Amino acid sequence: MKDAPDPAAERKEWMGLLARARQDCVAALLDACGDRPAFDWLRAPEVGAVMVRGRTGGTGAPFNLGEMTVTRCALRLATGEVGHGYVQGRSKPAAEAAALVDALMHTDAAREVRAGVLGPLAREETARREARAQKAAATKVEFFTLVRGED
């Protein structure tokens, strides 16, 4: 029996994808999908800082790594759906585009937005990770021990 998809997990995935995307990429992909829908601001784009936390080895006790600049906003489409946008850096247009994508994912246009915006972003992120992994693998050093015959 196949479990039904978890809407919260799906939203977490696309919000993370939008937050990690290059600043100009989301807006360009959204514009390529067609005209942007009408909306009202719930929270206009604003720039701030968030504390980034880390864990030693990925499993240790959390510690404060430092601050990162983030732009956030919230909007409501004319049809009533609400979207939130959080992006790295100081790009208000990128936050607006991310919020529009989030809101559109709650409408009948979700399939087109997934194919036209989220799909290309996921492929770009995968390619970027693979390139980084290949670069790291090229610097890998193999250590070996020679067995001496004295024993």
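None of the values given here were measured: they were computed from a predicted structure.
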Using the test side-chain contact (heavy atoms from CB on, under 4.5 Å), find all partners of Cys33 that sit at least two apart in sequence or belong to another chain.
Val117
Residues two or more places apart in sequence or in another chain: which of them pass side-chain hydrogen bond (donor to acceptor under 3.5 Å, both in side chains) with Thr69?
none
Just grab all the ring-ring contact (aromatic ring centres under 6.0 Å, His included) pairs involving residues 63-85, residues at least two apart or on different chains.
none
Test: ring-ring contact (aromatic ring centres under 6.0 Å, His included). Region: residues 114-139. Which pairs qualify, not counting sequence neighbours?
none
Set of residues satisfying side-chain contact (heavy atoms from CB on, under 4.5 Å) with respect to Lys92, sequence neighbours excluded
Pro45, Val47, Thr71
Please tell me if the side chains of Arg22 and Glu124 come closer than 4.5 Å, counting only heavy atoms from C-beta onward.
yes
Excluding sequence neighbours, so at least two apart, what forms side-chain hydrogen bond (donor to acceptor under 3.5 Å, both in side chains) with Arg114?
none
Residues which pass side-chain hydrogen bond (donor to acceptor under 3.5 Å, both in side chains) with Arg20, listed by chain and number, not counting sequence neighbours:
Glu125
Partner set under side-chain contact (heavy atoms from CB on, under 4.5 Å) for Pro37, not counting sequence neighbours:
Leu77, Leu100, Leu104
For Asn64, the side-chain hydrogen bond (donor to acceptor under 3.5 Å, both in side chains) test, sequence neighbours excluded, returns Arg53
By side-chain contact (heavy atoms from CB on, under 4.5 Å), which residues pair with Ala97, not counting sequence neighbours?
Val26, Ala27, Leu30, Arg36
Contacts satisfying ring-ring contact (aromatic ring centres under 6.0 Å, His included) that involve residues 41-61 (not counting sequence neighbours) are Phe39-Trp41
Of all pairs that satisfy ring-ring contact (aromatic ring centres under 6.0 Å, His included), the ones with a partner from residues 95-127, not counting sequence neighbours
Trp14-His106
